[in-house]
Number of protein chains: 2
Amino acid sequence: MKKRVSIKDIAEKVGVSTALVSYVLNGKEREARVGQEIAKKIRKVAADLNYQPNLIARGLKFGRTNTLGLIVADISNPFFATLARSIELEAQKNGYTVLFGSSDEQLDKSQNLINTFLSRQVDGLIITPVAGSQSQIEELKTKGIPFVLMDRGFSDLETSVVVTDNHEAMYSAVKLLTDNGYRKIGMIAYDTPLTHMQDRIKGYKDALKDAGIRFQSKWLKKVPFEDYKERVARAVLQLIDKKSQPVDALVFATNSISVQALKIIHAQKLVVPDDLGIISFDESDAFEFFYTSITYIKQNLNEISKKAVQTLLKNINSVTPKVERVIVPSTIVVGVSSGKKLKEKVVV
Amino acid sequence: MKKRVSIKDIAEKVGVSTALVSYVLNGKEREARVGQEIAKKIRKVAADLNYQPNLIARGLKFGRTNTLGLIVADISNPFFATLARSIELEAQKNGYTVLFGSSDEQLDKSQNLINTFLSRQVDGLIITPVAGSQSQIEELKTKGIPFVLMDRGFSDLETSVVVTDNHEAMYSAVKLLTDNGYRKIGMIAYDTPLTHMQDRIKGYKDALKDAGIRFQSKWLKKVPFEDYKERVARAVLQLIDKKSQPVDALVFATNSISVQALKIIHAQKLVVPDDLGIISFDESDAFEFFYTSITYIKQNLNEISKKAVQTLLKNINSVTPKVERVIVPSTIVVGVSSGKKLKEKVVV
DNA sequence: CTGAAAGCGCTAACAC
DNA sequence: GTGTTAGCGCTTTCAG
């Protein structure tokens, strides 16, 4: 690779010091009262040489790189990819560039990414934290590194965080089902202590309670991230098992769970919503061709990312950063899958 | 943000020069013959202070940052997100971190990203180039910046590039259709001169020719990236129009086109494959619940990304980089949608 | 064995 | 008005 042209090259060519070049190129010729002639000359040579400032050098000088680190669970997951896209946009608007990495919900990968990004002197981090990573996050706090959690947080840790209204969203989803006559409502969620999941579960339970329905523990199935596919399949089969008081509706805590569950429901030839009402948290392309339209909670991903970047930048630019919790409202897109329950079901 | 701990802090604390610290921390104590005692002490203090090397400073020193720039069309598109994921993985394996950005198929955004990444002194670029960006790419060449194109390239430009076997893939897809008895095969593609699309189109035409079918220009519909949805819808309606010799099979050049087209086909109540054979280039989650399984060409995205990174790294590390064209084989996943055409169709 | 010092590219306080 | 220089954190040559 050829040597890139530096401020020094320009200085030599024009016959001035690098200082003058720097002043002129940063539009500070007024303050430094650089001569008109010389300024013009410098600009011309810079253009001729196709000069591009070295942001690495500038970063070293200023101790800030105008780079953000983004750690998501998995960038290939459309949910996170969509967040990444808006983050990129908002960051760019503010003159920042984004480094990214995927944690795969694994503690060691998360720690590695944090270390790598810090070594690269990012100005701040946007993180979808992994379960059990409190100590990693706390270290950021003690080190005074600006960061914001996104999508999920910890109940036992005071941090800036931007999330969806998980509780309300799931509450209103389940309420929609109870209002439509469903009484035995099951839920499949991921088995994690992270707040987004806990809040969704709480929303589900609270909605049942407010509808005067007594929650039954067998209705709630928690599956691990690892081989969630099999586990979701098993959970669905248990929940709809005819021999033991099957549920009449199901809510799914994420789109990945939904898609997998719908496959089983389809394979079992259950009719949605007549046999089983359905609501999903988040949408999926796969809903497109399911034989009936799926009711789902639509998070405002765009707003979440925007707020995440803005909150982070506020932190970066403030001398006394303060913890900020942002909750972004979601909407519910009503399809056929949560439709009114048939009152009288003919038992054959 | 608190001051991060530097080599200097360690040196002061131990009471040696920064040089020694540098040697020890880089495992070069042997060459520099640093004393055992002192080395141990340095290491201890470094650990105590939780020292993280400043890669920015190192980058400035070495003129290399161990950072790659990735420019895709749109990171929120699962296709590119999946590529990004594997690139991240392969880059990490080699000690690189990835900056990313989306070009939206737009020339100015592409140029902006290139500039930004170069200013940040990335060691190389992986680019899915935008139509008409030859000059941008050529400038990289003249500047001697290592880069590799991915997914698509230019027919009029000699560059390193990693792509799928677009021609063969589409050829064999169409051959599958002709072998199964389809004779009037249409195609919907994006309207772009980029090689991936041109190669797919050529594969389609060549397969027709080899099957003894004369290509009809009205069979090939090219739609622009912008509002492709409407345009695809219109194209499908034209191709299946009963009044004017409708096609009996369709191939789609990308998954986004496929999903949109299938929606229309579904809405029009056409039966796949009886009324219409279907093959898609690339898969989509949405195929999951289409009423019949879709035959599709499966690119080896993992291999493409891996090769892209490897080719780029070879370029970066070689004094005399050479242009390398890598073609990654794809497979065809056969579903029901391309099944044998019913010989005698009962006309009502 | 150890350390001073130069230099990567850039900026800004401070001389001249 | 204009230019010198120190220094950001790190590496490495060369002198002690």
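The sequence lines fix the lettering, A, B, ..., with proteins before strands; numbering per chain opens at 1.
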S.K.: Could you state the atom-to-atom distance from NZ of Lys41(B) to P of dT2(C) in whole Å?
M.R.: 12 Å

S.K.: Rounding to a whole Å, what distance do you find between Leu49(B):CG and dG9(D):P?
M.R.: 14 Å

S.K.: Residues in salt bridge (Lys or Arg N to Asp or Glu O under 4.0 Å) with Lys61(A), at least two apart?
M.R.: none

S.K.: Checking side chain to side chain contact (heavy atoms under 4.5 Å, CB included) against Ile10(A), which of Asp48(A), Leu20(A), Val16(A), Val45(A) comes through?
M.R.: Val45(A)

S.K.: Determine whether the side chains of Arg120(A) and Thr97(B) contain a donor N or O and an acceptor N or O closer than 3.5 Å.
M.R.: yes

S.K.: May I have the distance from Ile10(A) (atom CD1) to dG3(D) (atom P), rounded to whole angstrom?
M.R.: 15 Å

S.K.: Using a cut-off of 4.0 Å on non-hydrogen atoms, how would the nucleic acid contact of Val21(A) be classed: base, sugar-phosphate, or nothing?
M.R.: nothing

S.K.: Going by salt bridge (Lys or Arg N to Asp or Glu O under 4.0 Å), name the residues that satisfy it together with Glu303(A), two or more places apart in sequence or in a different chain.
M.R.: Lys307(A)

S.K.: Mark up nucleotides 11-16 of chain D, 5' to 3', with B wherever a protein heavy atom is under 4.0 angstrom from a base atom, S wherever such an atom reaches only the sugar-phosphate, and - elsewhere.
M.R.: BBB---

S.K.: Would you kindly compare Gly35(B) and Leu60(B) by the position of their nearest DNA chain C nucleotide and give the one closer to the 5′ end?
M.R.: Gly35(B)

S.K.: Rounded to whole angstroms, how far apart are CD on Gln52(A) and P on dG9(C)?
M.R.: 15 Å

S.K.: To the nearest Å, how far apart are Arg4(B) CZ and dC10(D) C1'?
M.R.: 16 Å

S.K.: Rounded to whole angstroms, how far apart are CD on Glu12(A) and P on dC10(C)?
M.R.: 13 Å

S.K.: Please state how far atom CD1 in Ile38(B) lies from atom P in dC1(C), giving the value in whole angstrom units.
M.R.: 12 Å

S.K.: For Arg43(B), check side-chain hydrogen bond (donor to acceptor under 3.5 Å, both in side chains) against everything at least two apart and list the hits.
M.R.: Glu29(B)

S.K.: If you assign Ala57(A) and Val16(A) each to the DNA chain D nucleotide with the nearest heavy atom, which residue ends up on the more 5' nucleotide?
M.R.: Val16(A)

S.K.: Give the angle between the helix axes at the two ends of the helix from dC1(C)-dG16(D) to dC16(C)-dG1(D), taking five base pairs at each end and rounding to 10°.
M.R.: 70°

S.K.: Whether the side chain of Asp123(B) engages the backbone of Asn66(B) through a donor-acceptor N/O pair (distance < 3.5 Å, no angle test) should be reported.
M.R.: yes

S.K.: Determine whether the side chains of Ser102(A) and Asp104(A) contain a donor N or O and an acceptor N or O closer than 3.5 Å.
M.R.: no

S.K.: So, for Val24(B) and Ala39(B), which heavy atoms are closest and what is the spacing to 0.1 Å?
M.R.: CG1-O, 3.8 Å

S.K.: Indicate every side-chain donor-acceptor pair of residues 146-154 of chain A with a distance under 3.5 Å to a residue at least two apart or in another chain.
M.R.:
unit_1: Arg152(A); atom_1: NH1; unit_2: Glu105(A); atom_2: OE1; d: 3.0
unit_1: Arg152(A); atom_1: NH1; unit_2: Pro129(A); atom_2: O; d: 2.8
unit_1: Arg152(A); atom_1: NH2; unit_2: Glu105(A); atom_2: OE2; d: 2.9

S.K.: Whole angstroms only, please: what is the CZ-C1' distance between Arg120(B) and dC10(C)?
M.R.: 15 Å

